[in-house]
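Okay, so here's the structure we're looking at.
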There are 2 protein chains.
Amino acid sequence: MHEPPHPENPNGKGFLPGLAMDAVIFGFHQNQLKILLLEYHNTGLFALPGGFIKDDENLNEAADRMVTERTGLKEVYLEQFYVFGNRDRHHKDTLRTILKGNGLTVTDDHWLLRRFVSVGYYALIDFTKAVPIPDAFSDSCDWYDLGSLPPLILDHRHIVAKALETLQTHLDRKLIGFNLLPETFTMGELQNLYETILGHKLHRTGFQRKMLSLGVLERIAKKWTGGAHKAPYLYRFSAGS
Amino acid sequence: MHEPPHPENPNGKGFLPGLAMDAVIFGFHQNQLKILLLEYHNTGLFALPGGFIKDDENLNEAADRMVTERTGLKEVYLEQFYVFGNRDRHHKDTLRTILKGNGLTVTDDHWLLRRFVSVGYYALIDFTKAVPIPDAFSDSCDWYDLGSLPPLILDHRHIVAKALETLQTHLDRKLIGFNLLPETFTMGELQNLYETILGHKLHRTGFQRKMLSLGVLERIAKKWTGGAHKAPYLYRFSAGS
DNA sequence: TTCTTATTGTCTCATTTTGTAACAATAATA
DNA sequence: TATTATTGTTACAAAATGAGACAATAAGAA
């Protein structure tokens, strides 16, 4: 679930005690909203990418580092959204299984078995640019459709739900959707993104009118896809004044 | 700033290490938005009410407890809004001054001098019902106008700003403003509350129309204040279906 | 080549929401 | 009894939104 630099680090030295971070990293591909999940060695357990905070690191810096380590991307759109601090969110057995899967047998007072409070972050990235990279505990780091996630450890399902909720409410207050698309996109692709995130259909002409009225879309050129119909324009997000 | 059960608790036993909470407790009185501040013994330093999380306590339970301890109120509207985790937010000198003001001289490795990450909560309470109670470190726990706060320790000014920002964005998405008013209120009082929080004037008739259209206001009776004008209705918030 | 088809961009109109003002009602005071 | 300040209601213009019509057009079919 998390990534200490040395998995056998015996007492968590160099990290803030009892505090972790979990990231819901969103991508968008083929009209599907996806997130990155890790699968731990020899366990069949899936989890959100996570990490710990170094002694000399700001919280948000640690989150940046974590997302960069899993995606290869820098300067990603990243936001803190909630802290998960219920007493029962941590299960010793789960953690012990994960450590055992990595060949580590630990005593009952190992720092990773103690109670953790976790800060949730969500990131929006360009699916086409990310290169998912597993951490030291994991076999894989891959994209999964939000609609068909495998069972997740601990309260990670709840964290995902809360992240999606936050994304939905943020979507129409800020201009963040563009972070999930490549450099250029059509109006239809943008609308698909919004519909997928919000979970319901939008009216085509109204959507186009609204987006264009924001004054942040730059029309570039026609896109010549192999469709039997009029070619749509391509747009680029222009950061405005 | 915080409240261990025994101030001389030498190593923070019984609490989650490195994690604190700070509460921005809002009240509304005489058309002013106010918050509760503590003044520490013999220091002239002001701070937000805060606390620590017990080993066996959920994060939100700890926040409830903290607000109840400072106000005497239970079942308060309370929401987590951000985690403050910059490395430089904690100043040893400030903490040492506070401890010294309480007659405690501590060594450099005292647990209260170590780095803390703090979870910010904001609460909305009925000013007329709260009975502010200082904690063990404080001379006073009192209301201060948001517009004229004394200098605050550490990053507490920043925490207040972020809380207000959150309150503003939440105000028109949820029906939370009522938590700041007494049982019954006039439409004018409700409008004053909104104007004060949002920081700008609203149109009277439009505001009334909008509030009534929500279907959560129950009209009770006329209010016979000593004003040379028509008497306004009193309303009560009715929680709806 | 010409016709068909699917999708796009634009335009129009009805509906709803919002901004703004006008006006009558009324409780205290002069 | 008249005045005054504020409230509740109604009215109307302006803006935003919902929903459809229609021409434009790129690719494939005939």
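By convention in this document, chain letters (A, B, ...) are assigned in the order of the sequence lines, proteins followed by strands, and residues within each chain are numbered from 1.
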Enter the distance from Lys34(A):NZ to Leu149(A):CG here, rounded to the nearest 0.5 Å. 10.5 Å

Could you give the [atom1]-to-[atom2] distance, from [X] to [N], as a whole number of Å?
{"X": "Leu234(B)", "N": "dT7(D)", "atom1": "CG", "atom2": "C1'", "result": "13 Å"}
{"X": "Phe207(A)", "N": "dA19(D)", "atom1": "CZ", "atom2": "P", "result": "16 Å"}
{"X": "Lys230(B)", "N": "dC23(C)", "atom1": "NZ", "atom2": "P", "result": "16 Å"}
{"X": "Ile220(B)", "N": "dG8(D)", "atom1": "CD1", "atom2": "C1'", "result": "17 Å"}
{"X": "Leu202(A)", "N": "dA19(D)", "atom1": "CG", "atom2": "C1'", "result": "14 Å"}

Test Asn60(B) against Tyr121(B) for side chain to side chain donor-acceptor pair (under 3.5 Å), laying out the working first. CA-CA 9 Å; Asn60(B) 291 337; Tyr121(B) 281 80; 2.5 Å; yes

Side chains of Tyr122(B) and Leu78(B): does their closest heavy-atom pair fall under 4.5 Å? no

Strictly distance-based, threshold 3.5 Å: is any side-chain N or O of Asp126(A) a donor or acceptor partner for the main-chain N or O of Leu180(A)? no

Judged by atom type as modelled, is there a donor-acceptor pair below 3.5 Å linking the side chain of His156(B) to the main-chain atoms of Leu152(B)? no

Given Met21(A) and Phe52(A), is the side-chain contact (heavy atoms from CB on, under 4.5 Å) satisfied, shown in steps? CA-CA 6 Å; Met21(A) 305 177 14; Phe52(A) 301 105; over 6 Å; no

Between Arg89(B) and Ser118(B) the two heavy atoms that sit nearest each other are NH2-CB, 3.4 Å

Determine, for Glu195(B) against Arg204(B), whether the closest basic-nitrogen to carboxylate-oxygen distance falls under 4.0 angstrom. no

Ala231(B) has its side chain closest, among dA27(C), dG8(D), dA26(D), to dA27(C)

Return a single string for nucleotides 10-20 of chain C, one symbol per nucleotide in 5' to 3' order, where B is base contact, S is sugar-phosphate-only contact and - is none, cutoff 4.0 angstrom on heavy atoms. BB------BBB

Between the protein and nucleotides 28-30 of chain D, are there any N/O to N/O pairs under 3.5 Å, and if so, what are the atom names and distances?
none

